[in-house]
Amino acid sequence: MHAMSAHNPLSARLAAEAGFDAIWGSGFELSASYAVPDANILSAGLHLDMMRAIAATVDVPVIADIDTGFGNAINVSYVVPQYEAAGVSAVVMEDKTFPKDTSLRADGRQELVRVEEFQGKIEAACAARRDPDFCVIARTETLIAGLGQAEALARAAAYEAAGADAILIHSKQATPDEVLAFIAAWSGGVPLVLVPTAYPQLRERDIQALGKVGLVIYGNHAIRAAVGAMREIFARIRAEGGIHAVDAGLPTVRDIIGLQGDADMRELERRFLR
Ligand code: SPV
Ligand code: MG
């Protein structure tokens, strides 16, 4: 299963249109779209509202990035039913301290909570869900924090024992080596989840061959694609003194109107407007 990041319903619609199996409700992307750091600067409510809007727009499952659960196990108990009610199918919760710092930044503050504390948060998330098929994915930042393979494996096993449905093993090394070593050593019963942003050379077919990975998340490619495209077009309009030269290369206005769901509204007009 492959999930593409999204920061609003439009990017989610494009990801679903491209054939991704799920949407990753990325905290990094939402933060970037508000031009603030991915460090719990935005409120939980804002992220929740965006997940609700995305879930209302696409038919594929939405996997919400709830960071550290916005506090302790008590916060998690209240937050998880809200995400479930918003139409989300799964949450990913990471074992860092609140407020978090983003994982892929060099020299970020990467402090982990105690194993027992995070087990309590996983148990709280599982107890709070109403639908037993709602997935609680535990994410360990052990490798990101530089605490090594043995600690990562011990934490992942402890999180599975606490009820996690899958384990996300995150890494920011420029090669997949430490993640591959983790996967080879993993003898747990639940599937693993990868976010290969830092090691893009690891392809889908190679991951599939490993057998233990159930979900691959492309963590920030919607916002990076958007930033790259906007930068290029804005610069060309300034350089060329108008929009004449860029127009033919852009998606048409008609295309955008289609993405807004125009066909659905026309159908409503046909049926109900008299
Ligand atoms: C996100 O997309 O918000 C993530 C993945 O949590 S990462 O930015 O790699 O930590
Ligand atoms: Mg995140």
Side-chain angles (χ1 to χ4, degrees), residues 1-8 11-12 15 20 22-44 46-48 50-51 54 61-71 75-76 79 83 88 90-113 118 121 125 135-147 152 159 164 166-176 178-179 182 192-202 207 213 215-227:
M1 188 158 166
H2 299 96
M4 175 51 76
S5 57
H7 47 278
N8 59 22
S11 50
F20 286 97
I23 301 300
W24 167 237
S26 163
F28 179 88
E29 288 221 354
L30 189 65
S31 302
S33 73
Y34 277 82
V36 299
D38 175 26
N40 292 125
I41 308 296
L42 298 180
S43 72
L46 203 148
H47 186 261
L48 174 64
M50 189 58 78
M51 296 305 109
I54 289 175
V62 177
I63 304 162
D65 175 9
I66 61 166
D67 294 335
T68 65
F70 309 106
N75 298 79
V76 171
V79 153
Y83 275 85
V88 159
V91 290
V92 171
M93 181 170 64
E94 65 201 48
D95 57 0
K96 289 208 295 246
T97 53
F98 176 87
K100 61 163 283 175
D101 198 356
T102 202
S103 300
L104 298 180
R105 180 183 181 278
D107 307 323
R109 290 172 280 108
Q110 310 297 346
E111 288 156 22
L112 306 195
V113 295
F118 199 63
K121 293 174 83 166
C135 279
V136 174
I137 302 174
R139 158 172 166 177
T140 185
E141 297 279 292
T142 314
L143 300 177
I144 298 262
L147 299 176
Y159 301 164
I167 302 291
L168 191 160
I169 178 71
H170 206 8
S171 164
K172 64 175 174 191
Q173 276 195 358
T175 69
E178 68 174 10
V179 160
F182 180 96
L192 299 174
V193 180
L194 304 187
V195 185
T197 309
Y199 48 95
Q201 60 275 45
L202 190 63
I207 296 173
V213 179
L215 171 66
V216 177
I217 293 172
Y218 296 124
N220 50 34
H221 298 78
I223 198 80
R224 287 165 67 196
V227 166

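Just so you know, ligand 1 is whichever comes first in the structure, and atom 1 is the first atom listed for that ligand. Note that the structure is a prediction, hence the values are computed from the model and not measured.
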| query | When you measure from the side chain of Lys172 to the backbone N and O of Leu143, does any donor-acceptor pair fall under 3.5 Å? | reply | no
| task | At a heavy-atom distance under 4.0 Å, which protein residues reach ligand 1? Sort them by chain and number, would you? | result | Trp24, Ser26, Gly27, Phe28, Asp65, Ser103, Leu104, Arg139, His170, Gly219
| query | Is any side-chain heavy atom of Tyr159 closer than 4.5 Å to a side-chain heavy atom of Asp95? | reply | yes
| query | Hey, are Lys96 and Asp67 close enough for a salt bridge, meaning a charged N less than 4.0 Å from a carboxylate O? | reply | no
| By ring-ring contact (aromatic ring centres under 6.0 Å, His included), which residues pair with His47, not counting sequence neighbours? | Tyr83
| request: Tell me, please, which residues at least two apart from Ala32 pass side chain to side chain contact (heavy atoms under 4.5 Å, CB included). | output: Ile223
| query | Would you call Glu178 and Ile169 a side-chain contact if the rule is heavy atoms closer than 4.5 Å? | reply | no
| Heavy-atom side-chain contact between His7 and Ser26 under 4.5 Å | no
| field | Any donor-acceptor N or O pair under 3.5 Å, side chains Thr197, Arg224 | value | no
| task | Ignoring hydrogens and angles, tell me if any N or O in the side chain of Thr102 forms a donor-acceptor pair with the backbone of Arg105 under 3.5 Å. | result | no
| field | Atoms of the protein (N/O/S only) found under 2.8 Å from the Mg ion (ligand 2) | value | Asp65 OD2
